[in-house]
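Please read these numbers as outputs of a predicted model, since none were measured by experiment.
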Amino acid sequence: MTVSSSESKPQTPQDTQNSNNVNTSHATPDSSSPAAYILTSSPSAAVDPASSPSIANHGEHFITQPARPTINTSNPNGRPTQLPPSISAASLQGLASGSRFLRRTDGKGVVEPATINPASPTTYRTTAEASSPLPLTIGGMVESDPAFQEFKTFTFTNIADNTFTGINPDTNLPPSPNVVPADAAASPAGLRPSVGANITMPPRSRAGMLNSIPDVPPLPMLPPHSLHSAGRAISTASMQRRPSVFFQRPSTASLRSRLPSRGGRMSAGNNEQAGRIHTRRHFVSRRLPLGYSAEKPWLTGQARAEKTLSWIILVSFIIGLAIIGVLTWVGTTEIQNYNYCTVLEDNFAGGSLNTTIWTHDVQVGGFGNGEFEWATSSSNNSFVSDGKLYIMPTFTADVIGEDNLLNGYAVNLTAAGTCTSTADTDCTISSNQTLGNMIPPIMSARLLTRNFANIRYGKVEVTAKLPQGDWLWPAIWMMPTDSVYGPWPASGEIDICESRGNDHTYPPGGNNVMSSTLHWGPTMELDRYFKTHTALTLTHSTFADGFHTYGLEWSEKYIMTYLDGRLRQVVYHKFGTPFWPYGNFPSTYDNGSTVSDPWPANDVQAPFDQDFYLILNVAVGGTNGWFPDNEGNKPWNNGDRQTAMNSFWNARSQWEPTWGDATSRAMIVDSVKIYTMC
């Protein structure tokens, strides 16, 4: 550290504080003009430089002192004198009582105490070479830091009452030839350094240091501000290593239970063991010694019961693998690759609906399900756009007006010649507000391949995107061309795909669920569809998010529906047992009449042994239970159709926002392929 002054004047405490940040530098003072170095433990003391002897040699660094002593660096010629640049030839030891510094012990310089009075500043002078005082710093803290006052400094009075705060016990560090531990340089009892004499003290043992530890209370944690002072504690002096001093003063009470008992009483009036130098724990190898032999019970003989159990487990495992292999082989042989001939393949590339292939079912009666739509042949409800077929529901009030929807309007499809049913209830309807009758509030479409593509045993694949919107009911299904075994469901029904437009939170399942079903039974009340029904759920998307392929594979051995390929089966029914015994029907109805078998005896395929045609439609609502009561805030009850339609229409503000535009509420069909076995 270089401290210079162009004027000779005493330093103030503020000057001393500001000088803490000054770095060291090298200089060669004028040897003919002696320089004065007055070092004091009091930061406010000023000493006359003329009272100090000259310093002949300057070859050492001065180490920064946190508790800044006053240093006067002006020589008699008025030239500033630099501090020594190196300490490589110096070793350190503790001074007498009242000193806060370490001094040389290498014999190159002799320290003379001008005064040895703890109550006043202590001055030291050299006669041969400049002494390189090392201010004591505790944890890198300067004396002005509040935390400094919590620690004790190195103070040596005599051999009986020396006080140490501890040293680094690590003996593996490389030794420094110029550094002497403090305990090796302590003065003997009653001895004070004299002028012109080098003092070399015998080394003290670690036990002696332990005995000299005073009984002090535990120290507090180092405050954060002292960390900044630590960086300024020692300069960039070229030392081989700094004196390693650790300060750890646990309380006497906490040490009593940990320290081993030492014979005799502690010196210097200490009646208890007051401290302990903590050493690094030595590594202990846990490798097995050479020649170690562990027990190996598995090499010894097993009991007969253990051997038997092992064989049972092994044989069971082999049998399980064999069963899995047989079942896999049987499954693969049942699903055969048939040769198919194309009956219909429509990609809707012509720009308009091919009416040769597709016909419309036009009715207002609800198709036996109490549905709320009026099935039309209007291009508003079914059309081709951009190579895709759209089946889209619309509002009847947009065509006939809302007043006519509720009162004073009549629909007669028979008179118009467009009705596709022979029942009057399916072809005519009128609105009467007094009676609560209304025209179906929704218009939609139902497309059939009855007049063009009918198959018995074959394959169907429809690639489509299902609609989104509350109470929409999209379906891809097949009905028999002729009701050979009687009215529905005696002649059968094949539902390849059915879904609901509600979102995934709808309890019975929304547009994230599709199901496949076979309907069969002697009457509507005895429909055994639940024996051939399966639902499939998408976990991360919905069927309204994109296009999927809904398929049917139908042969004399089985009937199967699938999604996006044969590997993802939905319903699989093997034609093995005839449907009559398989359905376990009762012998009589509730009214006592006999339940008869509508299918030929021993016909395992009936009723699914006739021609069927394909139907694509989007229905709305219904009273048949597809939308159960008290589920998902349904605005109507399954009962009277007219009452249900009125309730549905009155709740328009609830469900209309969920329908969106044409691309959301419409079923969009990309392609339809129908094959028959060649």
Side-chain angles (χ1 to χ4, degrees), residues 346-355 357-364 366-367 369 371-402 405 411 413 418 420 439-449 462-477 496-503 510-511 514 542-548 550 614-622 626-627 645 648-649 651-672:
D346 194 351
N347 296 313
F348 307 103
S352 61
L353 186 64
N354 189 340
T355 56
I357 300 173
W358 301 98
T359 59
H360 290 86
D361 218 344
V362 180
Q363 296 183 30
V364 294
F367 298 100
N369 298 318
E371 300 167 15
F372 303 159
E373 80 277 2
W374 172 357
T376 75
S377 59
S378 171
S379 59
N380 293 332
N381 304 117
S382 58
F383 57 91
V384 173
S385 176
D386 297 329
K388 293 179 176 56
L389 170 65
Y390 287 76
I391 301 176
M392 183 177 67
T394 59
F395 301 127
T396 305
D398 294 342
V399 178
I400 65 174
E402 189 166 359
L405 181 70
V411 176
L413 301 178
T418 57
T420 56
I439 305 299
I442 305 298
M443 288 183 172
S444 190
R446 177 183 287 204
L447 297 176
L448 322 172
T449 63
V462 178
T463 303
K465 175 177 173 290
L466 301 186
Q468 174 178 319
D470 289 353
W471 320 123
L472 297 179
W473 181 2
I476 302 171
W477 52 303
I496 301 173
C497 169
E498 284 186 295
S499 185
R500 301 176 182 88
N502 303 64
D503 64 22
N511 52 20
M514 61 84 62
T542 69
F543 293 102
D545 292 337
F547 288 87
H548 293 271
Y550 307 92
L614 182 66
I615 304 173
L616 307 176
N617 78 286
V618 176
V620 180
W626 179 247
F627 296 100
M645 286 194 300
F648 169 77
W649 182 250
R652 177 180 178 181
S653 61
Q654 299 178 14
W655 49 261
E656 183 181 3
T658 66
W659 284 24
D661 57 13
T663 60
S664 297
R665 56 179 151 168
M667 180 166 69
I668 305 174
V669 182
D670 182 66
S671 64
V672 176

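- Proximity of Ser382 to Trp358: side-chain heavy atoms (C-beta onward) are nowhere separated by under 4.5 Å.
- For the pair Leu448 and Thr420, the minimum side-chain heavy-atom distance is 4.5 Å or more.
- Looking at heavy atoms from C-beta onward, Met443 lies in side-chain contact with Trp374 at the 4.5 angstrom threshold.
- Side-chain atoms of Asn369 and Trp473 form no donor-acceptor pair, as typed in the model, at a separation below 3.5 Å.
- Between Trp655 and Phe648, the gap from one ring centroid to the other is short of 6.0 Å.
- For the atom pair Leu389 CG and Ser671 OG, the distance stands at 11.0 Å (nearest 0.5 Å).
- Here the closest heavy-atom approach between residue Ala464 and residue Tyr550 is recorded as O-CE1, 3.7 Å.
- Between His548 and Thr463 there is no side-chain heavy-atom pair separated by less than 4.5 Å.
- Inspection of the Ser499 and Asn511 side chains reveals no N or O donor paired with an N or O acceptor under 3.5 Å.
- Within the 4.5 Å cutoff, side-chain heavy atoms of Leu353 are placed close to those of Leu447.
- Using a 4.5 Å heavy-atom threshold, the side chains of Glu373 and Pro440 count as separate.
- Residues Glu402 and Trp649 bring a donor and an acceptor atom of their side chains to less than 3.5 Å of each other.
- Donor-acceptor pairing under 3.5 Å is recorded for the side chains of Asn381 and Thr376.
- The cationic atom of Arg665 (NZ for Lys, CZ for Arg) lies less than 6.0 Å from the six-membered ring centre of Phe395 and within 45° of the ring axis.
- For the pair Thr418/Ser377, no side-chain contact is recorded, criterion being any heavy-atom separation below 4.5 Å from C-beta on.
- Looking at heavy atoms from C-beta onward, Ile496 lies out of side-chain contact with Val462 at the 4.5 angstrom threshold.
- The distance from the CD1 atom of Ile615 to the CG atom of Asp361 is 7.0 Å, given to the nearest 0.5 Å.
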